[in-house]
A.B. asks: 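Before I ask anything, here is the structure I am working with.
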Amino acid sequence: MELDKPLNPDLVNTQPEPPAFKVFRAPNQQSSAPPPLPDEYFDPTTADIKAAQTTLATRTQALVNAPLQLRATREANEKSKRDRWPTVSTPARMKLQSDITPYKTTIRIRFTDRTQLEKVFPSTDKIRSVYAFVRGCLREDAKPIKFILYQSPPKRDLKVSDPNVRNLSLAELQLAPSSILLLRFEEESMNASNFSAPLSSEVLSQAIDLPVAVDHDVAPPPGATQQALGSTTPQSATKGGEKKIPKWLKLGLKK
């Protein structure tokens with residue numbers, strides 16, 4: 001098949017390779033602290049109560065009326081999910097599939113001081129690949145210390161020693177397409193919030209700031225609303241204020 005033929009190196013290297021990983025430095029506590037909210041912010045409005053009641057009723061109805069799935073149906077659904085991350089063998093297929101987003105899993109590891117590591121793994125990789133990456137980023141004195149990657153909430157330890165974890169791919173662990181994992185050292189003193197992430201100097205030299213989150217609660221400028229309203233005029237209105245009747249409606253009225 002044409003797909004199994006080796007790729008031309010000149011075509012493969014046309015685009016620059018992405019960075020191997022990213023490291024985000026711990027955000028500043030003072031600059032990132034949000035302003036205190038007034039007490040009125042926590043008082044639910046009538047619309048909030050109605051929306052919550054509607055959502056709760058919808059979920060309850062879905063649970064009550066949900067049909068029981070047979071074992072064969074569940075296995076078929078799981079198989080269809082696994083087929084989205086098939087195991088590839090030839091270099092040509094691996095190169096072609098490396099540019100497809102569903103075959104990649106972005107893992108971000110957060111230390112207790114909120115320093116974060118980020119790397120993109122193939123979704124067919126096992127969790128031991130994530131452990132190896134994190135350990136390779138640590139200082140030499142911290143590498144011998146054991147640590148555990150976990151999710152929370154709900155808390156779920158992803159231990160390599162657990163056979164229900166180590167034999168599954170990142171996709172089968174429900175970590176695809178992206179997940180945030182927390183890190184816990186066996187040495188309790190290293191889990192304090194004021195303990196700096198024990199990363200090597202080479203890794204810390206590549207640290208960048210986290211992207212600033214957009215505050216959607218900020219009110220627009222005073223004239224922005226009026227300008228937006230003034231710049232948009234209904235297409236169905238004329239200069240004299242009289243509404244224009246569509247042609248299809250006029251034809252219906254004549255009958």
A.B. asks: Nearest heavy-atom pair of Asp113 and Ser196: which atoms, and what distance?
C.D. replies: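 So the two residues come closest at OD2-CA, 3.5 Å.
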
A.B. asks: Examine Lys22 relative to Phe24 and say whether NZ or CZ is less than 6.0 Å from the centre of the six-membered ring and inside a 45° cone about the ring axis.
C.D. replies: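 Ring-cation test returns no.
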
A.B. asks: What is the distance from atom CG of Leu204 to atom SG of Cys137, rounded to the nearest 0.5 Å?
C.D. replies: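 That separation rounds to 9.5 Å.
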
A.B. asks: Could you check whether any side-chain N or O of Lys119 sits under 3.5 Å from a backbone N or O of Ile107, counting only pairs where one atom can act as donor and the other as acceptor?
C.D. replies: no

A.B. asks: Would you say the rings of Tyr131 and Phe147 are close, in the sense that their centroids are separated by under 6.0 Å?
C.D. replies: yes

A.B. asks: Please check: side-chain N/O of Thr112 versus main-chain N/O of Ala192, any donor-acceptor pairing under 3.5 Å?
C.D. replies: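 Side chain of Thr112 to backbone of Ala192: a pair is present.
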
A.B. asks: Flag the pair Asp48 / Thr45 as yes when at least one side-chain heavy-atom distance between them is below 4.5 Å, and no otherwise.
C.D. replies: yes

A.B. asks: Would you check if Ile109 and Phe133 make a side-chain contact, meaning some heavy-atom pair closer than 4.5 Å?
C.D. replies: yes

A.B. asks: List, by chain and then residue number, the residues other than Leu56 in its hydrophobic cluster (Ile/Leu/Val/Met/Phe/Trp/Tyr, side-chain heavy atoms under 4.5 Å); write none if there are no others.
C.D. replies: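 Leu56 shares its hydrophobic cluster with no other residue.
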
A.B. asks: Should Leu138 and Tyr150 be regarded as members of a common hydrophobic cluster, given that ILVMFWY residues are connected when their side-chain heavy atoms come within less than 4.5 Å of each other, either directly or indirectly?
C.D. replies: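 Different clusters.
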
A.B. asks: Locate the shortest heavy-atom distance separating Leu175 from Gln151; write the atom from each residue and the value.
C.D. replies: CD2-NE2, 3.4 Å

A.B. asks: Taking all non-hydrogen atoms of both residues into account, name the closest pair between Asn167 and Lys126 and its distance.
C.D. replies: O-CE, 3.5 Å

A.B. asks: More than 12 non-hydrogen atoms from neighbouring residues, nucleotides or ligands closer than 6.0 Å to CZ on Arg108, yes or no?
C.D. replies: yes

A.B. asks: Leu199 and Thr115: which non-hydrogen atoms are nearest, and at how many Å?
C.D. replies: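 Reported closest heavy-atom pair: CD1-CG2, 3.9 Å.
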
A.B. asks: Please output the side-chain donor-acceptor pairs of residues 180-187 that fall under 3.5 Å, not counting sequence neighbours, one pair per line with the distance.
C.D. replies:
| unit_1 | atom_1 | unit_2 | atom_2 | d |
| --- | --- | --- | --- | --- |
| Arg184 | NH2 | Asp157 | OD2 | 3.4 |
| Glu187 | OE2 | Ser189 | OG | 3.3 |

A.B. asks: When rounded to the nearest 0.5 angstrom, what distance separates OG in Ser178 from NZ in Lys104?
C.D. replies: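 Going from the OG atom of Ser178 to the NZ atom of Lys104 covers 13.5 Å.
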
A.B. asks: Any sub-3.5 Å donor-acceptor pair from Arg135's side-chain atoms to Lys143's backbone N or O?
C.D. replies: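 Confirmed, Arg135 side chain pairs with Lys143 backbone.
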
A.B. asks: Nearest 0.5 Å, what's the CD1-CZ distance between Ile127 and Phe121?
C.D. replies: 8.0 Å

A.B. asks: When you check the side-chain N and O atoms of Thr124 and Ser169, is any donor under 3.5 Å from an acceptor?
C.D. replies: no

A.B. asks: Are Pro198 and Phe111 side-chain neighbours, meaning at least one heavy-atom pair lies under 4.5 Å?
C.D. replies: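 Yes. Closest side-chain heavy atoms under 4.5 Å.
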
A.B. asks: In the structure I gave you, are the side-chain heavy atoms of Asp209 and Arg25 within less than 4.5 Å of one another anywhere?
C.D. replies: yes

A.B. asks: Drop me the distance from Asn164's CG to Glu172's CD, to the nearest 0.5 angstrom.
C.D. replies: 12.0 Å

A.B. asks: Hey, which of Leu170, Leu158, Thr105 is the one that makes side-chain contact (heavy atoms from CB on, under 4.5 Å) with Val130?
C.D. replies: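 Only match with Val130 under side-chain contact (heavy atoms from CB on, under 4.5 Å): Leu170.
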
A.B. asks: If I compare all heavy atoms of Ser129 with all of Asp125, which pair ends up nearest, and what's the gap?
C.D. replies: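 Closest heavy-atom pair between Ser129 and Asp125: OG-OD2, 3.6 Å.
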
A.B. asks: What closest approach, in Å, do Gln116 and Leu210 show between heavy atoms, and which atom pair accounts for it?
C.D. replies: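 Nearest pair, atom of Gln116 first, then Leu210: NE2-CD1, 3.6 Å.
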
